[in-house]
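Worksheet for the structure shown next.
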Amino acid sequence: MPEETRSVGYICPVCGNAVVARRTAFQLAAGDSALPCPCGKSELRFRQLGDRCEVTAPCLFCAKDHTAVCSNGALLRRKLLALSCPASGLGCCYVGEEEQVFQAMEKLERAVDKLRLDDQTDSRGAFLDEVVMGEVLAELKDIAACGGVKCGCGSADYGIKVSCAAVDVVCAACGAALRLPAATPDDLADLCARYTITIPGKKG
């Protein structure tokens, strides 16, 4: 029986290239490891902490490293695990099933291409895509008007925090949050296909 593999991907903030590789479940869970960019100037790092793993990813948007801790169960079994930049909402790295990781990386590359184009034309606004962000906020409002926004804690009261490329829907009762990407037309299409938004409530 072949050993289970996971795909891992990020975009190097130095050279701008996508870095995607396969790692076996054993490689990810057995000890500390890294996925360096071929340019040698950035790397994605995994540090084992018993039954959890600390993931540190370089960020293309703010040029800082972002760190998150997840369970090894999530690292090895979730369809797609994403670490995103708190400032922009853009993804920093993805770990998961090959098809899911490649789809997420393609979306991220399209968002990054738009960032570069905006920089070249000096037209970068408050949001990565003003139209997409406006439509995402309107769609969120429509879903909420139909009673479709709720939290796992039972509350239907929420607030939103808007960043450059995402909207965080935050439960007013328990403070739990759900991030909705708002960077590309695909993100808008994904939201339009939903009738409900459930914030994963914090366990009391």
Side-chain angles (χ1 to χ4, degrees), residues 2-13 17-29 33-35 37 42-49 51-61 65-115 128-129 132 136 139-140 152 163-169 176-202:
E3 189 172 357
E4 189 181 345
T5 61
R6 306 289 280 163
S7 289
V8 181
Y10 73 101
I11 292 181
C12 174
N17 288 326
V19 184
V20 183
R22 277 186 183 175
R23 291 286 185 268
T24 65
F26 177 77
Q27 283 173 318
L28 288 175
S33 60
L35 172 58
C37 177
S42 74
E43 65 178 15
L44 177 63
R45 297 188 299 279
F46 298 92
R47 189 163 73 93
Q48 279 300 323
L49 308 166
D51 62 347
R52 295 176 305 147
C53 181
E54 180 184 87
V55 183
T56 301
C59 178
L60 183 77
F61 186 83
D65 286 354
H66 297 303
T67 300
V69 176
C70 64
S71 70
N72 277 327
L75 185 71
L76 302 179
R77 286 186 282 280
R78 282 267 290 273
K79 281 189 172 183
L80 184 68
L81 198 62
L83 173 59
S84 59
C85 169
S88 69
L90 285 174
C92 296
C93 77
Y94 301 101
V95 182
E97 296 176 359
E98 185 175 55
E99 186 179 349
Q100 302 279 340
V101 169
F102 273 98
Q103 284 177 358
M105 287 294 292
E106 281 176 10
K107 283 173 69 173
L108 180 58
E109 285 182 278
R110 285 200 291 276
V112 169
D113 285 345
K114 181 162 192 332
L115 270 179
L128 183 67
D129 190 313
V132 167
V136 164
E139 186 65 24
L140 176 58
S163 58
C164 168
V167 177
D168 289 335
V169 186
L178 176 70
R179 175 158 281 180
L180 301 173
T184 66
D186 286 345
D187 295 331
L188 175 60
D190 290 344
L191 183 61
C192 289
R194 297 166 71 164
Y195 296 100
T196 60
I197 293 169
T198 303
I199 304 164
K202 285 182 180 173

Distance-minimising heavy-atom pair for [X] and [Y]:
X	Y	answer
D187	A182	OD2-N, 3.7 Å
A21	L35	CB-CD1, 3.6 Å
A111	A183	CB-CB, 4.2 Å
L44	A57	CD1-CB, 3.4 Å
G96	V101	N-CG2, 3.4 Å
R179	C85	NH1-O, 3.2 Å

With side chains defined as the heavy atoms from C-beta onward, is the minimum distance between [X] and [Y] less than 4.5 Å?
X	Y	value
L28	C53	no
D51	S71	no
R45	D65	yes
D190	K107	yes
R6	E98	no
V55	V95	no
C37	Y10	yes
I11	M105	yes

Output, in order, the C-alpha distance, side-chain angles, deciding distance and verdict of side-chain contact (heavy atoms from CB on, under 4.5 Å) for E54 and T67. CA-CA 7 Å; E54 180 184 87; T67 300; 3.3 Å; yes
Looking at residues at least two apart in the chain, or sitting in another chain, which of them share a side-chain contact (heavy atoms from CB on, under 4.5 Å) with P13?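 Checked P13 against side-chain contact (heavy atoms from CB on, under 4.5 Å); matches are S42, P58, L60.
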Report the C-alpha separation of L180 and R194 in whole Å, then their side-chain angles, then the decisive distance to 0.1 Å, and conclude whether the side-chain contact (heavy atoms from CB on, under 4.5 Å) test is met. CA-CA 12 Å; L180 301 173; R194 297 166 71 164; 3.8 Å; yes
Using side-chain hydrogen bond (donor to acceptor under 3.5 Å, both in side chains) as the criterion, list what pairs up with R78, not counting sequence neighbours.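 Residues passing side-chain hydrogen bond (donor to acceptor under 3.5 Å, both in side chains) with R78: none at all.
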What distance do [X] atom [atom1] and [Y] atom [atom2] have between them, rounded to the nearest 0.5 Å?
X	Y	atom1	atom2	answer
L140	L191	CG	CG	6.5 Å
L178	T198	CG	OG1	8.5 Å
F46	L75	CZ	CG	6.0 Å

More than 12 heavy atoms of other groups within 6.0 Å of E99 CD: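 Atom CD in E99 is not crowded, with 12 or fewer foreign heavy atoms closer than 6.0 Å.
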Are side-chain N/O atoms of S33 and R23 paired as donor and acceptor at under 3.5 Å?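 S33 vs R23: no donor-acceptor pair found between side chains.
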Side-chain donor or acceptor of Q100 paired with backbone N/O of E97 under 3.5 Å: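 No.
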